[in-house]
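These notes are about the structure you will find just below.
Reckoned from all heavy atoms, side chains included, excluding hydrogens, waters and symmetry mates.
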Amino acid sequence: MIAWPWPVPTSFVYPLGLFALILLPFLFAYRSHAEKKKRGYGFPSLTSLQSYARRRSWQRDMPIYLRLLTLACLIVAATRPQGGDVRQKKHVEGLDIVLVLDTSQSMLAMDFKVGGERKNRLEVVKQVVGEFISSRPDDRIGLVVFGTTSTTQAPLTMDHQILQQFLKHIAIGMAGPETAIGDGLATGVKRLKDIPAPSKVLILLTDGDNTAGTIDPLEAAQLAKTLGIKIYTIAVGTNEPVPFPVQGFWGTEYRPQVFKVNTELMNKIAELTGGQSYQAKTTEDLKEVYSTIDKLEKAKQEFEDPIEREELAWVFLCGALFFLASEQLWLTSRQRVVP
């Protein structure tokens, strides 16, 4: 079987514009009638008259046909035809996971190391989370960040390449300097509550205590339990002094500061929803935690994932140029109608 070489439109942004195509037959009839009403034709010689008389009607009307095809292509192009299916059905054995990440000011603490070099907590978290995302290709994953407020960085998606790009753009302080754990949980729960999946998981990572926001973390956890959402909590860091960058007289200095992690609250949130609670004091601990969570149970599910449409107006614009050029060539050839 020979495949059709041109993409075929499956939808139109402005479909009502296609009704303009109905006018083309009437335009053709009007133009033909106008041609017939002409009283006479002038020919430079008797030979030209005989040649014109021998032509078939379609040869005489070819310029009209080509002009109408040009108009038809322009009309279709104006309706913005698009290819591809707006949603793609997928059958996978995976989970729906929302990663809720702390981006408060305390994530600047430099108590983690990668390859012997000190890194702030968020840098290490982004690296480990990126590896976690790559290890779960069959999961639909979303990203929520929180500080003083909370926001959805990326909705649930199977497009992990796009998800990794969103992860790269996460920065400390992007949601404010404080720590609104309850608001972060509530935003994550909101992303999952309307998803008809058999298994929904929320992974909360923070290095502090609830110091901002309007929603109590335990109330958000109770809501998650009611909706069948399991929460895994990861407490990053320790309650001991850690190097923290501050602006000194000679530039950036690293002074020891204490950021208390409320592990008791983390334990209660996880226990309330049937999840697990972990504490990561080093980069190796953090990798081990995500490796453990990576062994979560999987459930068969089917869902429709949005895919990007392909704009096809260019195909019809090329068609319009082709028919317009053909009309001009016809009029300058031996097949022209001599007025």
Side-chain angles (χ1 to χ4, degrees), residues 87-103 107 112 114 121-146 150-170 184-185 187-206 221 224-225 227-236 266 269-270 273-280 282-308:
R87 290 185 175 269
Q88 186 177 32
K89 284 191 175 182
K90 296 197 175 185
H91 302 262
V92 299
E93 286 191 355
L95 301 175
D96 283 322
I97 301 176
V98 169
L99 305 173
V100 181
L101 305 181
D102 187 349
T103 59
M107 293 294 284
F112 279 55
V114 176
R121 292 173 176 177
L122 186 61
E123 287 179 307
V124 177
V125 166
K126 287 167 63 173
Q127 178 182 326
V128 176
V129 168
E131 295 171 358
F132 176 78
I133 292 172
S134 298
S135 70
R136 301 190 66 88
D138 293 332
D139 291 335
R140 187 163 50 174
I141 302 176
L143 279 175
V144 169
V145 298
F146 69 93
S150 65
T151 183
T152 300
Q153 180 74 356
L156 285 161
T157 180
M158 283 287 292
D159 191 341
H160 290 182
Q161 289 185 345
I162 293 294
L163 194 63
Q164 295 280 13
Q165 292 301 314
F166 278 112
L167 181 65
K168 288 180 180 179
H169 288 89
I170 291 177
L185 283 175
T187 302
V189 169
K190 184 179 180 180
R191 297 268 70 86
L192 288 167
K193 72 181 182 69
D194 295 325
I195 303 296
S199 187
K200 295 180 280 190
V201 170
L202 190 151
I203 302 176
L204 168 68
L205 183 144
T206 183
K225 177 184 177 182
L227 296 172
I229 300 171
K230 189 182 295 185
I231 299 178
Y232 289 78
T233 63
I234 305 173
V236 179
M266 298 296 103
I269 291 173
T273 61
Q276 297 288 333
S277 181
Y278 306 93
Q279 185 170 11
T282 65
T283 303
E284 289 69 28
D285 289 345
L286 187 60
K287 290 182 178 180
E288 182 62 30
V289 168
Y290 274 102
S291 177
T292 302
I293 296 176
D294 186 41
K295 299 173 185 176
L296 295 172
E297 73 282 1
K298 297 185 179 182
K300 290 183 179 180
Q301 56 178 318
E302 173 186 312
F303 60 86
E304 295 180 340
D305 195 46
I307 60 174
E308 189 174 340

Walk me through whether L202 and Y232 qualify under side-chain contact (heavy atoms from CB on, under 4.5 Å). CA-CA 6 Å; L202 190 151; Y232 289 78; over 6 Å; no
Apply the side-chain contact (heavy atoms from CB on, under 4.5 Å) test between L143 and each candidate in I170, T152, V98; give the one that qualifies. I170
Is a donor on one side and an acceptor on the other found under 3.5 Å between the side chain of R191 and the backbone of P155? no
Between I97 and L156 the two heavy atoms that sit nearest each other are O-CD2, 3.4 Å
For A280 and I234, which heavy atoms make the closest approach, and how far apart are they? CB-CG2, 4.4 Å
Would you compute the distance between atom CD1 of I203 and atom OH of Y290 and round it to the nearest 0.5 angstrom? 6.0 Å
Approximate separation, where rounding is to 0.5 Å, of T103 OG1 and L122 CG: 7.0 Å
M266 and I269: side-chain contact (heavy atoms from CB on, under 4.5 Å), yes or no, with the steps? CA-CA 5 Å; M266 298 296 103; I269 291 173; 4.2 Å; yes
Counting only heavy atoms not in K225, do more than 12 fall under 6.0 Å of its NZ? no
Are any non-hydrogen side-chain atoms of R140 and I195 less than 4.5 angstrom apart? yes
Are T157 and I162 close enough, and set up right, to give a side-chain contact (heavy atoms from CB on, under 4.5 Å), and what steps lead you there? CA-CA 9 Å; T157 180; I162 293 294; 5.7 Å; no
Of all heavy-atom pairs linking H160 and I133, the shortest is ND1-O, 3.5 Å
Which residue is it: V144, T187, T233? I am looking for the one with a side-chain contact (heavy atoms from CB on, under 4.5 Å) to V100. V144
Does any N or O in the side chain of D139 come within less than 3.5 Å of the main-chain N or O of L95, such that one atom is a donor and the other an acceptor? yes
Tightest non-hydrogen contact, residues A154 and F166, listed as CB-CD1, 3.7 Å
Gap between atom CD of Q153 and atom CD of Q165 - 0.5 Å precision: 11.5 Å
Between atom CD1 of I229 and atom CD1 of I231, what is the distance when rounded to the nearest 0.5 Å? 7.5 Å
What's the spacing between Q276 CD and I293 CD1 if we round to 0.5 Å? 9.0 Å
Here the pair of heavy atoms bringing Q127 nearest to K287 is NE2-NZ, 4.3 Å
So OG1 of T206 and CE of M107: to nearest 0.5 Å the spacing works out to 7.5 Å
Could you report the tightest heavy-atom contact between S135 and D294, atom names first, then the distance? OG-OD1, 3.4 Å
Suppose we screen for side-chain hydrogen bond (donor to acceptor under 3.5 Å, both in side chains). Which residues come up paired with T283, at least two apart in sequence or across chains? none
Minimum side-chain heavy-atom gap L192-L227 below 4.5 Å: no
